[in-house]
Number of protein chains: 2
Amino acid sequence: MTKKQQTAARSADVARLAGVSRSAVSRTFTEGAYVSDETRRKVLEAARMLNYSPNAIARSLSKRATGLVGIIAADLYNPVHAQMLEAMSRSLQARGFGIVLLVPDTSNFDEFIPRLLSYQVDAVITTVATLDTHLPLAAVQTGRPVVMMQQILGANVLNSVSSDDYGGGHAAGTLLCETGHRRIAYISGRSDTANNRDRERGLRDALAAHGLAVYAQANGLFTHEGAMTATRQLLSLSPRPDAIFCANDLMALAALQVSRGEFGMAVPDDLAIVGYDNSAPSMWSWPALTSVGPDMAEMVSLTVDMVVRKIATGDATVEHQVVPVRMVERQTTRERPTA
Amino acid sequence: MTKKQQTAARSADVARLAGVSRSAVSRTFTEGAYVSDETRRKVLEAARMLNYSPNAIARSLSKRATGLVGIIAADLYNPVHAQMLEAMSRSLQARGFGIVLLVPDTSNFDEFIPRLLSYQVDAVITTVATLDTHLPLAAVQTGRPVVMMQQILGANVLNSVSSDDYGGGHAAGTLLCETGHRRIAYISGRSDTANNRDRERGLRDALAAHGLAVYAQANGLFTHEGAMTATRQLLSLSPRPDAIFCANDLMALAALQVSRGEFGMAVPDDLAIVGYDNSAPSMWSWPALTSVGPDMAEMVSLTVDMVVRKIATGDATVEHQVVPVRMVERQTTRERPTA
DNA sequence: TTGTACGCGTTATCAG
DNA sequence: CTGATAACGCGTACAA
């Protein structure tokens, strides 16, 4: 049919076929440039025939902007991260940006950032809570906007859009107190994260307001496996806790599994469980998991807005946005007594 | 400390500082090029001082290769897709490639492929099972390697690395028959996918070999919500099925939830459930889900090998790789009688 | 409105 | 082994 096009058509080819200059072709494919309708028509016609589309790489070199946003993501086995990545990608794409994905490997973190930057991404978004601060900082030094979707300990000089971890922990503690629990345990996440620190603080303050302290605590490292061990520890206490708050849903599912499967406990009658993130799997378990978490769509929307704005304006001020969280009561907690 | 570098250093800057030519700088940063140790040392020194790293965009333009691989992914809420994306990214990065992620939106599928191609990716990998065939075909027309990690109906002209769906369905059917089930139901996935077609065929053939037919069937569309409805339908039959095979894990979790939560059934005593994919959540439920699925690492490895090889050699022959599946018996099926 | 000429930052080629 | 010079494909003053 068409001739075997070993090499793609360039703007020069289109120009020749349309009988115009290369500039005319360029302008036709540039938003808001002066081209007569007649010229534009001829160019588009020729472009269609040659199956031409502008080379974004060359365009980037000339415009000194790539229209690419770098996303640093990891732990995609955690549904909340996967969901965030997908939503972010959709939103960015809808705004005309492309995405360069970077999945850092714990071994060679440092090699990757330079590589990401070498692709001249216009901005960087990161969703990893345990990043070394010097990585995003390296990106910042190049003058690119960097937005973190997790607070990173000691990285206050970076833009961030995070959720109200303190409020979330507080809400969980309050719910458990108000539904009559007295021995409330906590399965924490990695202690080097602001997420864990703030959720824990919120929990403690809520319990204190009800005259309680955390009954017991174990570190689940944000992983399912870690939380299985942690749950076994906590449930070996005597008397057992009557409620567990977990710093994420993955760990709460582990607590559910262990308490029912290994200890034969009834949930929520013997043990109430509250997770964090309000991720999809919290709806998939039985009983379905009570969980507190942010409006993900809102977080993504704020982040993308911020990034796009900073790219456009070059605004270099540091901003911190915090989105509120919402408690979603499902089946792993008792119903609140009607006031 | 360092002077505010509004604009990044270029190779010319390094060359000037090192007292050499731009070519020398280029060669220093090019694998296996002739540079004297002395020159290299001077260049690296200057580069370090200026915090220089080569501009990959400019390099791409000149080399006519970007080192970028496009990945088309979607449905990241499905853990198996998220896991695959992460593993693929890691593997590709380890091989020196960067990743351009594309999350197609059902509305404007067609706009995205050209955009992906405009970034001159060296190859395209797709994990979406319901892609329109003309999209990957468009990529193929540009001469780039395209590898699909799902068989797409009617796309035999595209390279593929897929798992043995027929064998998986067959294994599930066989297991259920051998553990004494007689009323085996099937919750299918989207009927426009090869995945669903082959898993179903495998199931039917396995049952037939035991003198059975599928007791009942409902379409769960590969989604959790769809499967909840499907499960309700199936369990409303009288007599009820005594086993359900689901075309993915998400749907199996829904079956588990509904059968226990809404119908008060015991699993696996009243009802056996088998999922597909052997994804992470299959280990998180209680009882843990019996599931059949491929070795994901193997699939990723084969895919990346194929892509890298085809990029390097320009080999345009079409290949189909099929990786075997493995049945992982957990707690939602009875133990096999000891032979 | 159109075309010319130059620049974007790098690599490949080819003399030295 | 090194350095000048020409691509790579496109955007954009500038002059027409």
Side-chain angles (χ1 to χ4, degrees), chain A residues 5-43 46-47 50-68 114-115 117-122 142, chain B residues 5-44 46-47 50-68 98 114-115 117-122 142:
Chain A
Q5 59 181 71
Q6 194 63 333
T7 173
R10 299 153 302 180
S11 70
D13 300 325
V14 176
R16 195 175 313 116
L17 182 58
V20 295
S21 75
R22 268 185 21 202
S23 330
V25 177
S26 172
R27 286 192 265 260
T28 304
F29 286 96
T30 301
E31 203 72 21
Y34 295 140
V35 211
S36 69
D37 288 351
E38 174 59 11
T39 306
R40 150 168 282 122
R41 199 192 51 68
K42 283 191 297 188
V43 169
L50 296 174
N51 196 21
Y52 167 83
S53 94
N55 180 326
I57 294 294
R59 185 209 296 265
S60 303
L61 190 57
S62 154
K63 294 186 61 162
R64 311 171 72 73
T66 53
L68 247 23
R115 194 189 301 174
L117 295 179
S118 80
Y119 281 113
Q120 315 296 117
V121 293
D122 293 340
T142 67
Chain B
Q5 58 179 73
Q6 195 61 333
T7 173
R10 301 153 300 181
S11 71
D13 300 324
V14 176
R16 195 176 313 117
L17 182 58
V20 296
S21 73
R22 271 174 23 225
S23 317
V25 177
S26 171
R27 284 193 268 259
T28 304
F29 286 96
T30 300
E31 202 73 21
Y34 296 138
V35 211
S36 69
D37 288 351
E38 174 58 11
T39 305
R40 152 168 280 123
R41 199 191 52 68
K42 285 191 296 188
V43 168
L44 289 178
L50 296 174
N51 196 22
Y52 167 82
S53 94
N55 180 325
I57 295 294
R59 186 208 296 265
S60 302
L61 188 58
S62 170
K63 296 187 60 160
R64 310 172 71 74
T66 53
L68 248 23
R115 194 189 300 174
L117 296 179
S118 79
Y119 282 113
Q120 313 297 116
V121 294
D122 293 340
T142 67

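Protein chains get the first letters and strands the later ones, always in sequence-line order, with residue 1 at the start of each.
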Kindly say if B/Tyr52 contacts the phosphate of C/dT10, meaning a side-chain N or O under 4.0 Å from OP1 or OP2. yes
Does a nitrogen or oxygen in the side chain of A/Ser26 sit under 4.0 Å from OP1 or OP2 of D/dG11? yes
Just wondering, do B/Ser26 and B/Arg22 contact through their side chains at under 4.5 Å, heavy atoms? no
Do B/Thr66 side-chain atoms and B/Gln120 backbone N/O form a donor-acceptor pair below 3.5 Å? yes
Value rounded to 0.5 Å, distance of OH in B/Tyr52 from CG in B/Leu17: 13.0 Å
With a 4.0 Å cut-off on heavy atoms, is A/Ser36 in touch with a base, just the backbone sugar-phosphate, or nothing at all? sugar-phosphate
Please state how far atom CD1 in B/Ile57 lies from atom P in D/dG11, giving the value in whole angstrom units. 14 Å
Below 6.0 angstrom between ring centroids: does that apply to B/Tyr119 and A/Tyr119? no
Find every protein N or O atom lying less than 3.5 Å from an N or O atom of nucleotides 4-8 of chain C, and list the pairs.
from	atom 1	to	atom 2	distance (Å)
C/dT4	O4	A/Ser23	OG	3.1
C/dC8	O3'	A/Arg64	NH1	2.9

Heavy atoms only, 4.0 Å cut-off, all strands: where does B/Val35 land among base, sugar-phosphate and nothing? sugar-phosphate
So how far is it from B/Ile57 CD1 to A/Leu68 CG, rounded to the nearest 0.5 Å? 6.5 Å
Would you kindly compare B/Thr39 and A/Arg59 by the position of their nearest DNA chain D nucleotide and give the one closer to the 5′ end? B/Thr39
Whole angstrom is fine here: how far is it from CZ in B/Arg16 over to P in C/dG9? 12 Å
Would you mind reading off the distance between A/Leu50 atom CG and D/dG9 atom P, rounded to a whole angstrom? 14 Å
How many Å lie between OH on B/Tyr34 and P on C/dT13, as a whole number? 14 Å
In whole angstroms, how far is the C1' atom of C/dT1 from the NZ atom of A/Lys42? 12 Å
Calculate, to the nearest 0.5 Å, the distance between atoms OG1 and CG belonging to B/Thr142 and A/Asn51 respectively. 9.0 Å
